Number of protein chains: 2
Amino acid sequence: MAFEYEYARPALTVDCVVFGIDERGLEVLLIRRGLSPYKGRWALPGGYVREGESLDHAAARELEEEAGLQPRYLEQLYTFGEPKRDPRGHTVSVAYFALVNIRDHSVRAATDASDARFFVEDELPKLAFDHASIVARAKERLQGKLRYRPIGFELLPDAFPLSQLRHLYETVRGEEIDKRNFRKKILSLDLLVETDERTTGPGRPARLYRFDRGRYQELEERGFDFSL
Amino acid sequence: MAFEYEYARPALTVDCVVFGIDERGLEVLLIRRGLSPYKGRWALPGGYVREGESLDHAAARELEEEAGLQPRYLEQLYTFGEPKRDPRGHTVSVAYFALVNIRDHSVRAATDASDARFFVEDELPKLAFDHASIVARAKERLQGKLRYRPIGFELLPDAFPLSQLRHLYETVRGEEIDKRNFRKKILSLDLLVETDERTTGPGRPARLYRFDRGRYQELEERGFDFSL
DNA sequence: GCAAAAGTGTTGGCACTACACCCATGA
DNA sequence: TCATGGGTGTAGTGCCAACACTTTTGC
C-alpha cells in the first residue's frame, strides 16, 4: 500500500458504450481506429485516463473529443483488467455506459478516430480488443436496469408518444408488450405528464408525454420503487 | 489510444469489502494499517495491482496475504478514481465485494497489516482514504443483490435452519420478515434440500437445510428468476 | 411445567395477464 | 374509403401480506 513497494503499473483507460435507439432498433456508437494496434478496426470510443483526472471526467472527455457527444446519462459499467486484453501491454480499462437521444446528436469524428457512427447492436462489425465483450456486458446492464430505473427516457426525445416508449422496451427486451397493459402500468406510476402536442403522419395522431424527473426524485426519496 | 501519447499514469490498486454475519449482525473485515499514510488507522484490505496480473487475481491475492482469507464469493464492485482519494498521488482503486461464512475463517493478520478483524457494520471506526464510501456502496450492492440472487447462502454454514436464513435477510434489509410467509416462499423455490440434522440448544430443535447450487444453475439456465 | 424457539393455514386484496374492437387522421 | 396506427375495459388468476396458536425440546 505504499510507494516503497511499487511495482510496474498497468496502464489505465476508459471505454464508453453509447446506446441510442431509432427505427432500426438499438444502436451502439463506434469509432474507426486511426492508429495501430487494430488500425482500421471499429472500436469503442475511449482513451487514456490522465494523471489527476477523475474517471467520469475521462469518459466524458473522450466522448466529446472522439465523437462530439455529451450524453445526458453516463455511468460506470465495469472494469476490465485481463493482462492480455491489449497487445501493447497490460492495460486496465474502466468501461462506461451512456444513453443518448440519437436525433439530438450529430456524431462527428475527431482526433485519432478517423470515423464515428452508430451501428445496429446486433449487426456490429468485428471489434478491436475485448470490446465485443464490453458491449455484451453493457447490453445486459441496459436490459437489467431498464426494469427498475426510469432510464429509457434518456434514449427518447423530450416529448414522445407512448408507442415509442413501448417500442423501446420491446426492442431492448426482445419481446412484445401488450399495448393496453403497458399504457395502464406506465400511466399509473404518475411519472408522465401529458402535453398538448400530437404526432402527425399516417394513422391517428398520438398524444405526446414528458417524463417528470422532479416527480421521480421526489417519489424515490420516499422509497418508491420504479418497475416495469 | 497509443503509447506515443502517453500521459503520466495513475497508480492502480484493489480494495476488498468482506462481509460476514453472526449474532451481532452484519460485519466487515478491516485491517489496521502498519504504514503511512493513515498509519494505525483501520482500512479495507487491498494493495497494488501488479503488472500482468488480473484484477480478480489481485483481489484474491491481497485477501490471502493480508488476512489469510479465501472467500467463496468475490465479485467486482466499482472503481473509485477521484484524484484526491489518496494523498500520495492519483490512485485508482478497483473495489471488490466478498462474502464469507465467518465461522469458517479464522482471520489472521499478515504482511503490512499489523492487525485484522471483523467489525459490526454500523459501528465501524473511522476509516482510511475513501474507504467509508466504498463500504457504503458495498452494502447497497449486498442489499440489492440479495433480493434477486441467492448469495445469502455464502454467508451461512453449509447446513442451516430457516430461522438463520431469515435473520440474515432481516439484518441486511433492516426490517422484520413474517416467519410463515418466508418459509413458504423459500421452500416453494425448491432450492433447499432438507437434511436430517437438527439444531440443539434452547427451544424446539430446528431442521437444517442445504442450498442446492446445482439445482439453482439448472433453473437459472432455463430463465428462472430468483427473488425474495 | 415453564421458557424458548419451531412449525403450521387461511383469507382478502392487488397486480398482472390475456384479449378485441372502435376512433381519428391523411392519402 | 381505406390504410395506418392510437386508444380503450373487463374478467380471471396467482402472488403476497396479514395474522395466532400448537408443538417440541431443555431446564
Side-chain angles (χ1 to χ4, degrees), chain A residues 21-25 146-148 150 156-157 159-171 173-211 219 223-228, chain B residues 21-25 146-148 150 156-157 159-171 173-211 219 223-228:
Chain A
I21 202 156
D22 64 14
E23 320 75 43
R24 297 185 302 166
L146 212 52
R147 297 196 160 264
Y148 65 95
L156 297 181
F160 49 85
L162 291 188
S163 59
Q164 224 176 93
L165 184 63
R166 199 178 74 248
H167 285 133
L168 187 165
Y169 275 86
E170 289 178 335
T171 300
R173 288 201 203 153
E175 65 186 18
E176 297 219 322
I177 299 173
D178 182 86
K179 212 184 349 175
R180 279 169 291 192
N181 294 338
F182 183 81
R183 165 179 288 265
K184 222 180 315 171
K185 184 70 201 294
I186 191 81
L187 290 179
S188 76
L189 295 177
D190 206 23
L191 287 169
L192 297 185
V193 294
E194 276 186 15
T195 71
D196 293 332
E197 303 160 79
R198 304 286 157 110
T199 52
T200 58
R204 176 172 167 179
R207 183 183 287 279
L208 303 188
Y209 293 82
R210 285 176 215 281
F211 175 59
L219 289 174
F224 164 82
D225 250 346
F226 180 89
S227 115
L228 265 182
Chain B
I21 202 158
D22 63 14
E23 320 74 43
R24 298 185 301 166
L146 211 51
R147 297 198 159 264
Y148 65 96
L156 297 181
F160 50 85
L162 291 188
S163 58
Q164 225 176 92
L165 185 62
R166 199 179 74 248
H167 285 132
L168 186 165
Y169 276 85
E170 289 178 336
T171 301
R173 288 202 205 154
E175 65 187 17
E176 296 220 322
I177 299 175
D178 181 86
K179 211 183 350 174
R180 278 168 293 192
N181 293 338
F182 183 81
R183 164 179 289 266
K184 224 179 314 172
K185 185 71 199 297
I186 191 83
L187 291 178
S188 76
L189 296 177
D190 206 22
L191 287 170
L192 297 184
V193 294
E194 275 185 16
T195 71
D196 292 332
E197 302 159 80
R198 305 285 156 110
T199 53
T200 57
R204 176 171 169 179
R207 183 183 287 279
L208 302 189
Y209 293 82
R210 284 176 216 280
F211 175 58
L219 290 174
F224 163 82
D225 249 347
F226 180 90
S227 114
L228 265 184

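Each chain gets a letter, A, B and so on, in the order the sequences are listed, and its residues count up from 1. Owing to the predicted nature of the structure, the values given are computational and were not obtained by experimental measurement.
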Let's see if you can work this out: which of C:dT8, D:dC19, C:dC19 has an atom nearest to the side-chain heavy atoms of B:Arg183? C:dT8

Take A:Lys184 and A:Thr199, find for each the nucleotide of DNA chain D with the closest heavy atom, and name the residue whose nucleotide sits nearer the 5' end. A:Thr199

Would you kindly give the CZ-to-C1' distance between A:Phe182 and D:dG7, to the nearest whole Å? 14 Å

I'd like to check the ring-ring contact (aromatic ring centres under 6.0 Å, His included) partners of B:Phe160; sequence neighbours left out, ordered by chain and number. B:Phe153

Let me know the distance between NZ of A:Lys179 and C1' of D:dG6, rounded to the nearest Å. 6 Å

Grab the CG-C1' distance between A:Leu162 and D:dT8 for me, whole Å please. 13 Å

From CG (A:Leu189) to CZ (A:Phe211), nearest 0.5 Å: 9.5 Å

Most 5' of A:Ser227 and A:Arg198 on DNA chain C, judged by nearest nucleotide: A:Ser227

Roughly, in whole Å, what's the span from CG in A:Leu192 to P in D:dG7? 13 Å

B:Arg166 has an atom CZ; how far is it from atom P of C:dA6, in whole Å? 7 Å

Compare all side-chain heavy atoms of A:His167 with those of A:Pro161 and state whether any distance is below 4.5 angstrom. no

Report the distance from atom CD of B:Glu194 to atom C1' of C:dA6, rounded to the nearest whole Å. 14 Å

Shortest side-chain distance from B:Arg180, nucleotide among D:dG9, D:dA20, D:dG7: D:dA20

Does a side-chain N or O from A:Ser163 land closer than 4.0 Å to OP1 or OP2 of D:dG5, or not? no

What integer distance in Å separates A:Ile177:CD1 from C:dA18:C1'? 15 Å

Inspect the surroundings of CD in A:Glu175 and state if more than 12 heavy atoms from other residues, nucleotides or ligands are less than 6.0 Å away. yes

Report yes if a side-chain nitrogen or oxygen of A:Arg207 is closer than 4.0 Å to either non-bridging phosphate oxygen (OP1 or OP2) of D:dG7; otherwise report no. no

Mind calculating the distance between CG (A:Leu208) and C1' (D:dG7) to the nearest angstrom? 14 Å

Toward the 5' end of DNA chain C, by each residue's nearest nucleotide, B:Pro205 or A:Lys185: B:Pro205

Please walk me through it: do A:Phe224 and A:Leu191 pass side-chain contact (heavy atoms from CB on, under 4.5 Å)? CA-CA 12 Å; A:Phe224 164 82; A:Leu191 287 169; 4.2 Å; yes

Of the nucleotides C:dC23, D:dA17, C:dG7, which has the atom closest to the A:Arg204 side chain? C:dC23

